[in-house]
Amino acid sequence: AVGPALSLEKLGRDWHHERYEEMEGAQADRSAEALRDLEMHIFPAFDDLPSRSLLDGRARIKDWIRVMSGNEPMTPDSGFQIGATTYQKSTVTGLLWMLRKILEHSRDLGHDVPDFMAGKNLVALDKVGSTKRKSPLIGLETCVRLAAQLHVIHQLALWLMRLAGLRIS
């Protein structure tokens, strides 16, 4: 039964021990990195998650995702604040993967833990202030000057890429 004795930290340490130590799921440095991520990000934010209702738990996860990317939490009393450090989408995706695996593992072991991560909506957000780099489109005059310095085969490849709209690198 779900109760205050069931903490996400205990469930997470059990999952980590089985995956990384008993089953040797990764090299030692990855195992240590995963444990550090759990201790630094997952356990402090979600230790009481197993005792929360489904909707309350999902709201907590959503607020955490928002704060990790530099957005304000949606729930005013969530306790999360935007910190000095925000994280890239790939980092938060990895942390969400670990949280999802811990919850799956706990249910596999028979613990009555709601499926907080159900569906595909709980995904990492782009970091606030980050922009995707766009390659500039090379003008025809630049292509002519560049092609003049290339072998005929490379000129053909250059013009095919340019006319097809592909990135020239």
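One is the number of the first residue; the rest follow in order along the sequence.
Side-chain contact between L158 and L146 is present, with heavy atoms from C-beta onward closer than 4.5 Å. Between R145 and T142 there is a side-chain heavy-atom pair separated by less than 4.5 Å. The closest side-chain heavy-atom distance from L11 to P50 is below 4.5 Å. Using a 4.5 Å heavy-atom threshold, the side chains of L99 and L8 count as touching. Contact annotation: the side chain of W15 never approaches that of S106 to less than 4.5 Å [non-hydrogen atoms, C-beta and beyond]. Side-chain contact between I42 and D37 is absent, with no heavy-atom pair separated by less than 4.5 Å.
Remark: R60 does not engage D56 in a salt bridge, criterion side-chain N to carboxylate O under 4.0 Å. Using a 4.0 Å cut-off between a side-chain N of Lys or Arg and a carboxylate O of Asp or Glu, R13 and E39 qualify as a salt bridge. Salt bridge absent: R107 and E104 never bring a charged side-chain N and a carboxylate O closer than 4.0 Å.
Here the CD1-CG distance, from I65 to L96, works out to 4.5 Å after rounding to the nearest 0.5 Å. Taken from NZ in K10 to CZ in F43, the straight-line distance is 11.0 Å, to the nearest 0.5 Å. Remark: E72 CD to Q81 CD distance equals 9.0 Å, nearest 0.5 Å. Rounding to the nearest 0.5 Å gives a distance of 12.5 Å between CD of E18 and NZ of K101. The distance from atom CZ of R52 to atom CZ of R58, rounded to the nearest 0.5 Å, is 14.5 Å. To the nearest 0.5 Å, atoms CG (L38) and CE (M98) are separated by 4.5 Å.
Note on W64: it does not cluster hydrophobically with I82, by side-chain heavy-atom contacts below 4.5 Å among ILVMFWY residues. Hydrophobic clustering (side-chain heavy atoms under 4.5 Å, transitive across Ile, Leu, Val, Met, Phe, Trp, Tyr) groups W97 together with L103. L54 and M74 fall into different hydrophobic clusters, defined by Ile, Leu, Val, Met, Phe, Trp and Tyr side-chain heavy atoms under 4.5 Å apart, directly or through other members.
Between K89 and D126 the shortest heavy-atom distance is CD-OD1, 3.3 Å. Across all non-hydrogen atoms, the minimal contact from M68 to L95 is CE-CD1, 3.6 Å. G57 and L49 get closest at one heavy-atom pair: CA-CD1, 3.6 Å. The two residues V67 and P73 come nearest to each other via the heavy atoms CG2-CD, 3.7 Å. Nearest approach of D63 to S78, heavy atoms of both residues: OD2-CB, 3.3 Å. Closest heavy-atom contact between Y87 and H41: OH-CE1, 3.0 Å.
Here the side chain of D47 pairs a donor or acceptor atom with the backbone of E9 at under 3.5 angstrom. Within the 3.5 Å criterion, the main-chain N or O of L150 finds a donor-acceptor partner in the side chain of Q155.
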Evaluate the side-chain contact (heavy atoms from CB on, under 4.5 Å) criterion for residues I61 and F46: first the C-alpha distance (whole Å), next the side-chain angles of each, then the deciding distance (0.1 Å), finally the verdict.
CA-CA 8 Å; I61 293 169; F46 301 116; 3.7 Å; yes
Start with the C-alpha gap between V92 and L125, add the side-chain angles, then the distance that decides, and say whether side-chain contact (heavy atoms from CB on, under 4.5 Å) holds.
CA-CA 8 Å; V92 178; L125 302 173; over 6 Å; no
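When the ring pair (Phe, Tyr, Trp, His ring centres under 6.0 Å) test is applied to F116, no partner is found at least two apart in sequence or on another chain.
The aromatic rings of Y20 and H16 sit tilted, their planes meeting at an angle between 30° and 60°.
More than 12 heavy atoms of other shown residues, nucleotides or ligands fall within 6.0 angstrom of atom CD in E22.
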